[in-house]
Amino acid sequence: MSGLRTSTLAGAVAVAALMTVAAPSGAAVAATGGGEKHCTVRPNQREAVCFDTFPQAIAHATNGAVRLPAGAKTVTQQQLDAGAAAGGFGANEATVIAVIYNDSNFGGHSFTFVKDHGCDGDWGTVDFEEGNLRYFNDNTGFNWGDEIGSAQEYAGCHGIYYEHSWFNTRKSGRTVEGVWSGGWMDDEASSIRWV
């Protein structure tokens, strides 16, 4: 009987040791963003195309003109302009107007909005709009309704992020404008207009 208890105890210790070794490994994958997706929709595409890394998404968004270093999480207007010049693009081809991220500080999943031109600089007119971000999702089922944690803007576009779908703020009146990260609109925006 004593031998059986010793075997059972040894087995339990071995299982506990395996679980202890496995847990940090899984946590490391989560911490490095193993499940993140980086999606984009280019003009005339019907559905989002998603990638495992942000540099892959930007390369797709810009027809391969912008090649970011591995591990990059953001892109600058200067990088986009240099890529367009090097690629021989005109003003009306594959223009990145915004990137939204599901985490603050431009991290987590990302979605890159690409149009055939930038914004005209007239804040009195709407150049582009997305009325319901729940329609935007990646191949893991993640959708963007109430998920934006930060946003970048490009090509002269100024975003207005609304708390609810179809540019509705109801009684709260909650919107946020321009480049932003975290704060009271974190995980609240459901529609966007770019002026």
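Bear in mind that the values here come from a model prediction, so they are computed numbers and not experimental data.
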**Prompt:** About how many Å separate OG of Ser190 and CD1 of Ile148, when rounded to the nearest 0.5 Å?
**Reply:** 8.0 Å
**Message:** Parallel, tilted or perpendicular: which one describes the rings of Phe113 and Phe111, with boundaries at 30° and 60°?
**Reply:** tilted
**Cluster check Val49, Tyr135: I/L/V/M/F/W/Y, side chain < 4.5 angstrom** = no
**Message:** Taking the ring of Trp194 and the ring of His158, is the distance between their centroids below 6.0 Å?
**Reply:** no
**Request:** Might you point out which heavy atoms bring Ser181 and Ser150 nearest each other, and give the distance in Å?
**Result:** CA-CB, 3.7 Å
**Joint cluster assignment, Val179 & Phe54, ILVMFWY side-chain distance < 4.5 Å** = yes
**Request:** Can you run down the disulfide bond (SG atoms under 2.5 Å apart) pairs that involve residues 107-159, sequence neighbours left out, and say none if there aren't any?
**Result:** Cys119-Cys157
**Item:** Student check: side-chain heavy atoms of Tyr162 and Val176 closer than 4.5 Å
**Value:** no
**Request:** Could you tell me if the ring centre of His38 sits under 6.0 Å from that of Phe51?
**Result:** no
**Request:** Evaluate the side-chain proximity of Thr112 to Ile58: yes if any heavy-atom separation is below 4.5 Å, no if none is.
**Result:** yes
**Complete:** What one should report as the nearest heavy-atom pair of Asn143 and Gly145 is OD1-N, 2.9 Å
**Request:** Decide side chain to side chain contact (heavy atoms under 4.5 Å, CB included) for Val99 and Phe106; before the verdict, give the C-alpha distance in whole Å, the side-chain angles of both, and the deciding distance to 0.1 Å.
**Result:** CA-CA 9 Å; Val99 179; Phe106 317 109; over 6 Å; no
**Message:** Return the CE to OG distance between Met185 and Ser104, rounded to the nearest 0.5 Å.
**Reply:** 15.0 Å
**Prompt:** With no hydrogens and no angle check, do the side chains of Asp52 and Gln56 hold a donor and an acceptor under 3.5 Å apart?
**Reply:** no
**Item:** Side-chain donor or acceptor of Ser191 paired with backbone N/O of His164 under 3.5 Å
**Value:** yes
**Request:** Compute both the distance and the angle, then confirm whether Arg193 meets the cation-pi test with Phe128: under 6.0 Å from the six-membered ring centre, within 45 degrees of the axis.
**Result:** no
**Complete:** Residues Thr76 and Gln79: closest non-hydrogen pair is N-OE1, 2.8 Å
**Message:** Can a donor-acceptor pair be found, under 3.5 Å and without considering hydrogens, that links the side chain of Glu153 to the backbone of Gly159?
**Reply:** yes
**Request:** Would you please test Glu147 and Asp187 for side chain to side chain contact (heavy atoms under 4.5 Å, CB included) and show each step?
**Result:** CA-CA 4 Å; Glu147 289 294 339; Asp187 292 340; 4.0 Å; yes
**Message:** Does any part of the side chain of Ile192, heavy atoms only, come nearer than 4.5 Å to the side chain of Leu133, both counted from C-beta?
**Reply:** yes
**Request:** Looking only at non-hydrogen atoms, find the nearest pair between Thr125 and Asp120 and report the distance.
**Result:** OG1-OD2, 3.6 Å
**Prompt:** Ignoring hydrogens and geometry, is there a side-chain-to-backbone donor-acceptor pair from Asn63 to Ala65 under 3.5 Å?
**Reply:** no
**Asked** At their closest point, which heavy atom of Tyr161 faces which heavy atom of Ile100, and how far apart are they?
**Response** CE2-CG2, 4.1 Å
**Glu130 vs Phe136 side-chain heavy atoms within contact, under 4.5 Å** = yes
**Request:** Could you tell me whether the side chain of Tyr154 and the main chain of Val75 form a donor-acceptor pair under 3.5 Å?
**Result:** yes
**Item:** Closest heavy-atom pair and its distance - Val66, Thr62
**Value:** N-OG1, 3.1 Å
**Prompt:** Would you call Asp127-Lys115 a salt bridge at under 4.0 Å N-O?
**Reply:** no
**Message:** Tell me whether Tyr101 shares a hydrophobic cluster with Val114, the cluster being built from Ile, Leu, Val, Met, Phe, Trp, Tyr side chains joined at under 4.5 Å.
**Reply:** yes
**Asked** Any donor and acceptor pair, going by atom type alone, linking the side chain of His109 with main-chain N or O of Lys37 inside 3.5 Å?
**Response** yes
